[in-house]
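We count ligands from 1, going down the list as the structure has it; atoms in each ligand are counted the same way.
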Amino acid sequence: MSTHIGANKGDIAKTILLPGDPLRAKFIAETFLENPKQYNNVRGMLGYTGTYKGVEVSVQGTGMGIPSISIYVHELIHEYGVKNLMRVGSCGSMQEHVKIRDVILASSASTTSSINKNRFRGMDFAPTASFELLHTAYTKAKELGVNVHVGNVLSSDIFYDTTGAAKLFMDAGTLGVEMEAAALYTEAALAGVNALTLLTVSDSLITGEETTALERQETFKEMMKIALETAVAMAEAE
Ligand SMILES: O=P(O)(O)O[C@H]1O[C@H](CO)[C@@H](O)[C@H]1O
Ligand SMILES: O=c1cc[nH]c(=O)[nH]1
């Protein structure tokens with residue numbers, strides 16, 4: 001096992017879905033995977049491996065925020081050899097044309113976190129999605145008829161942000177706000193593996209609308225299907 005994941009080498013698939021919420025990991029495993037086996041319960045951060053359309057896929061909760069996802073992604077890549085990492089999360093819309101229940105594919109992620117400033121000695125690294133995963137996921141989203149947007153998101157360190165930072169990023173066309181994509185992209189880039197963030201819009205910073213828990217579960221299914229179909233396409237392309 002690694003420090004935070006109680007799996008043996010070989011227990012975790014090459015391609016993984018990463019929801020922030022460990023119960024979303026359980027839901028994905030139980031709803032979509034054949035023969036899901038739970039490989040992790042350390043800190044209640046559930047992880048499972050099963051198959052989807054014959055392709056081995058894992059799903060691992062990552063918790064909320066950059067420090068938490070950074071730990072899981074680092075161990076998944078460096079201790080378990082994971083190569084394709086797809087975050088499946090929720091976000092707040094920052095643009096009028098991005099509606100509740102739409103899906104965003106984050107081509108890039110700005111951040112209010114200082115983590116990359118520290119890593120890159122005060123210089124700005126641009127956390128970017130893998131083109132192959134992004135292109136494949138966009139194609140699958142269109143095939144599934146999902147209302148999808150592609151663009152920049154903001155990975156914020158503060159959920160209840162009263163600093164006014166959100167407005168600066170909105171004015172620059174940022175599509176939505178969440179809390180992890182910039183870290184996922186940076187960890188993946190440093191290791192030379194593929195990463196993508198898919199987000200379902202759960203609320204709007206513009207209108208104040210929110211989805212109910214049930215609505216969120218149902219509409220999150222579209223994002224989950226896009227990610228799983230992308231996993232199959234990546235396996236077929238090998
Ligand atoms: O739904 P998840 O994947 O947790 O993502 C979003 O929800 C959490 C905040 O409620 C943060 O983790 C944010 O990034
Ligand atoms: O980080 C998040 C996630 C969902 N909605 C938000 O407004 N922020």
Legend entry - Contact check: Gly63 vs ligand 1, nitrogen or oxygen atoms, below 3.5 angstrom: no

Legend entry - Any N/O pair Met179/ligand 1 closer than 3.5 Å: yes

Legend entry - Short N or O distance, Asp203 and ligand 2, threshold 3.5 Å exclusive: yes

Legend entry - Gly92 N/O to ligand 2 N/O under 3.5 Å: yes

Inset, instruction - Check the side chains of Ser110 and Asn152 for a donor-acceptor pair under 3.5 angstrom, ignoring hydrogens and angles. - result: yes

Legend entry - For Met64, atoms of ligand 1 separated by under 4.0 Å from a heavy atom: 8 (C), 9 (C), 11 (C), 12 (O)

Inset, instruction - Do me a favour and list the nearest non-hydrogen protein atom to atom 4 (O) of ligand 1 with residue, atom name and distance? - result: Gly20 CA, 3.5 Å

Legend entry - Per-residue contact class, Ser202 against ligand 2 - non-hydrogen pairs under 4.0 Å: side chain

Inset, instruction - Going by heavy-atom distance to atom 12 (O) of ligand 1, choose the closest among Arg87, Glu180, Arg24. - result: Glu180

Legend entry - NZ/NE/NH1/NH2 to OD/OE distance under 4.0 Å, Glu79 and Lys9: yes

Legend entry - For Gly89, atoms of ligand 1 separated by under 4.0 Å from a heavy atom: 3 (O)

Legend entry - Distance in Å, Thr230 OG1 paired with His135 NE2, rounded so as to fall on 0.5 Å steps: 11.0 Å

Inset, instruction - Could you list which atoms of ligand 2 come closer than 4.0 Å to a heavy atom of Leu205? - result: 7 (O)

Legend entry - Separation between CD1 of Ile100 and OG1 of Thr200, rounded to the nearest 0.5 Å: 11.0 Å

Legend entry - Pair Glu178-Ser155, side-chain donor/acceptor within less than 3.5 Å: yes

Legend entry - Cluster check Val82, Leu134: I/L/V/M/F/W/Y, side chain < 4.5 angstrom: yes

Inset, instruction - Could you pull out, from Ser202, Pro19, Ser90, the option with a heavy atom nearest to atom 2 (P) of ligand 1? - result: Ser90

Legend entry - Glu178: numbered ligand 1 atoms lying under 4.0 Å from its heavy atoms: 14 (O)

Inset, instruction - Quick one: look up the protein heavy atom nearest atom 10 (O) of ligand 1 and list residue, atom name and how far away it is. - result: Phe159 CE1, 3.5 Å

